[in-house]
Asker: 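Mind having a look at this structure? Questions to follow.
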Amino acid sequence: MLRTTSLLLLVLITVTSCHYKERTAEYKKAHMVDSMVLRDVHTLSNAAYVDMQHLDLDIAVDMDKKMIAGSATWKINNKCNVNELVLDTYDLTIDNVSVDGKPATFKLDPPIKFLGSALHIPIDAKTRLVKITYKTGADARALQWLSADQTHDKHFPFLYTQSESIYARSWIPCADGPGIRFSYNARVQVPTGLMALMSAENQYEKSDSGIYHFRMTIPIPAYLMALAVGDITFKNIDERTGVFAEPGMIDKARWEFEDVGKMVSYAEQLYGPYRWGRYDVIVLPSGFPIGGMENPRLTFCTPTIIAGDRSLVSLIAHELAHSWSGNLVTNATWDDFWLNEGFTDYFERRIVEQMLGSSYSDMLWELGYQDLVDNVKSLGEKSNDTWLKLDLKGRDPDDGLTDIPYEKGSHFLKLIEINVGRDKFDRFLKKYFDDHAFKTITTEAFLTYLDTALIKDDTVLKRKLDIQAWVYGPGIPANCPRAGQERFAKVDAERDKFLNDVPPLQLATVNWTTHEWLHFLRNMPPALSVNQLHQLDMAFNFSNSGNSEIADLWFIMSVRSNYSFAFPQMETFLSSVGRRKFLEPLYGEMMKTPKGEEMAKRLYNSYRKNYHPLAQESLDRLVLKKV
Ligand code: BES
Ligand code: ZN
């Protein structure tokens, strides 16, 4: 009897409360509302009430018109029986919509700043398929269309996407939140002669028809949707890893990434099996706005890590590590971004340690620590943006893209490791990835898990960690760990010699890696004299460095000291490199003086067209002072 009543009650709740604004605890349970998705303030979709099970994408890429057009068909389960499906769009033109094969009405809301326009489509309890025919707009923030002369080989145009954090909606109508997962198939038509690749099972040869088919059977969030189109070729590294690049770049790239296969094995030894099948990397043209992007099965990366000496491949270790932290266990909202990036930085350095030893990974830790100190200084010691748990409500989620989630996040994990011991911590992390595989997690859920699975009732440990200060407090907590300085102490000694007028060529710099050079230069006094820079340049040829990290830092120092000898090379660098991490500090340094500002404006106006829309946006603010 009791059973029947509660069943009746359940049915009653299901039938009566369709209106998804009123939610009681029972209602949520009965309806399986995804409460994690409800917390995400950067999606306008109602995917908390509707399962977005699968996407069938059928698109054509028009390189001349710079437009993607086609259809997105969503297979859904209207588990809460709501009367509409709401999706995210950004500058999309919606041509028509059909629901289970029948033409349907739709409504597109006026755009909201950062978020775009909500697309409303009426559905009922039984709706299975919602097909949207659409085109991308000129303001598609995810897309960078390159003309042939903006590529490495300069023969064919190129397109790549960058969907993280909320830009997938500018090329696919979708429920665009990190907590919303779906599998996908895609059919992509590109001009013949070009190759298309996605974050999915790829084809490895060009197709004569220009039609490519993709399959991603594992559910992923929209920010991991990715597409690259261009004159691309492939080389294997080993049986499960390989590299894609333009033909003129492929051999260099293949050489640089020699150890990527080994990296995957090291990562597996640490935290369990790689669950995505193949791991390939594509080296993109230099306009790519970031260093790397962990698109599943196919990391996208900048060519600025092809240094010729394998010294910057820790970036690949980072993107690979996201195959666990991020792609397998995903931050629920962008406020929880440190769960993606802090874990990944930690994991990256563990892979590097395994490959190159702890004196090497200590250098990465120390440079990261220095970044953290600088970043806290510039954000303000008391700023809420220096908490691990962010509050990005009403803001661009890119505002959270600082060193805090990366460095404060990874140092927090390092602190736990030091306190509980490495073996125990590794077992904990491995289990964490297993227990949350293909799921989403909030900061709060992680802290609860940490408590039950690792800390338990250890009050001494609790006091030592001071979790509250790390996660919900500003600045750098007093117990922040610091890496060993074995190799950097030597660098410090050589820098001191230089500052005491020892000629640069007499310094002991043999076998220095990129990281030693970075530490050497970064910690010079604020403004060196032109003569000092000149001496260093004569000895080490920094102005012509083929290493993008060193070159960028050197140009910043050159601007600061008005060392004009380096300016022509700096201009060449700025004309092609689109990586925001390099552009912002360099233009930022120029903007500090009136003369520098003039130079920044001139250079930016000349080369803005080579930068990705997202880089343009932040540099428009910085250089052109656009609001
Ligand atoms: N997932 C990030 C890139 C990202 C984050 C893009 C947020 C847009 C929004 C990627 O894994 C990353 O962190 N890239 C770094 C490299 C890394 C070695 C720190 C980058 O691009 O500099
Ligand atoms: Zn990352």
Side-chain angles (χ1 to χ4, degrees), residues 42 114 141-142 144 160-168 170 176-178 199 220-226 263 267 281 283-284 286-296 298-305 307 311-331 333-352 361 363-365 367-368 371-372 375 390 392 395-410 514-515 518 548-549 552 577-585 612-615 617-618:
H42 294 110
F114 310 126
R141 292 168 87 198
Q144 187 171 11
Y160 46 75
T161 63
Q162 170 52 40
S163 297
E164 192 178 12
S165 40
I166 56 165
Y167 312 115
S170 74
D176 194 2
S199 50
I220 59 166
Y223 80 88
L224 296 176
M225 292 298 299
M263 265 183 203
V281 178
V283 179
L284 295 164
S286 58
F288 191 54
I290 58 175
M293 179 64 210
E294 66 270 26
N295 297 313
L298 182 64
T299 283
F300 280 29
C301 84
T302 167
T304 63
I305 60 165
S311 65
L312 298 177
V313 292
S314 59
L315 184 132
I316 300 297
H318 178 98
E319 304 314 333
L320 167 66
H322 273 305
S323 307
W324 287 258
S325 42
N327 300 2
L328 185 64
V329 182
T330 309
N331 54 204
T333 74
W334 298 116
D335 287 348
D336 306 299
F337 187 50
W338 76 278
L339 294 176
N340 272 18
E341 297 301 342
F343 277 66
T344 299
D345 255 4
Y346 175 85
F347 194 168
E348 165 204 326
R349 288 166 193 166
R350 292 295 305 275
I351 297 171
V352 170
S361 54
M363 295 196 290
L364 299 185
W365 277 110
L367 291 172
D371 287 335
L372 178 59
N375 201 216
L390 297 170
L392 297 167
R395 301 164 68 187
D396 188 336
D398 268 11
D399 286 359
L401 192 46
T402 68
D403 288 321
I404 301 299
Y406 290 82
E407 296 303 342
K408 192 172 174 182
S410 57
T514 303
H515 313 291
L518 289 177
S548 55
E549 296 274 352
D552 186 55
V577 173
R579 195 171 165 190
R580 256 194 312 188
K581 174 185 154 190
F582 293 150
L583 297 179
E584 281 173 11
H612 188 280
L614 295 171
E617 249 175 56
S618 49

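Whatever order the structure lists them in is the order used to number ligands and atoms, beginning at 1.
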Asker: Distance check below 2.8 Å: does Glu341 bring an N, O or S atom to the Zn ion (ligand 2)?
Answerer: yes
Asker: Verify, without hydrogens or angle tests, whether Asp336 (side chain) and Thr333 (backbone) share a donor-acceptor contact under 3.5 angstrom.
Answerer: yes
Asker: Any idea how His318 and Tyr406 line up, ring-wise: parallel (<30°), tilted (30 to 60°), or perpendicular (>60°)?
Answerer: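 His318 and Tyr406: parallel rings.
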Asker: If you compare all heavy atoms of Thr344 against all heavy atoms of Ser325, which two are closest, and at what distance to 0.1 Å?
Answerer: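 Closest approach of Thr344 to Ser325, heavy atoms only: OG1-OG, 2.8 Å.
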Asker: Give the protein residues with at least one non-hydrogen atom closer than 4.0 Å to an atom of ligand 1, ordered by chain and number.
Answerer: Gln162, Glu164, Ile290, Gly291, Gly292, Met293, Glu294, Leu315, His318, Glu319, His322, Phe337, Glu341, Leu401, Tyr406, Arg579
Asker: Looking at every heavy atom in both Asn295 and Met225, which two are closest together, and how far apart are they?
Answerer: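 Scanning both residues, the minimum pair turns out to be OD1-O, 4.5 Å.
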Asker: Where do Glu407 and Leu372 come nearest, in terms of heavy atoms and distance?
Answerer: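 The pair with the smallest heavy-atom distance is CB-CB, 3.8 Å.
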Asker: Looking only at heavy atoms, which two atoms of Leu364 and Glu348 are closest? And how far apart?
Answerer: CD1-OE2, 3.9 Å
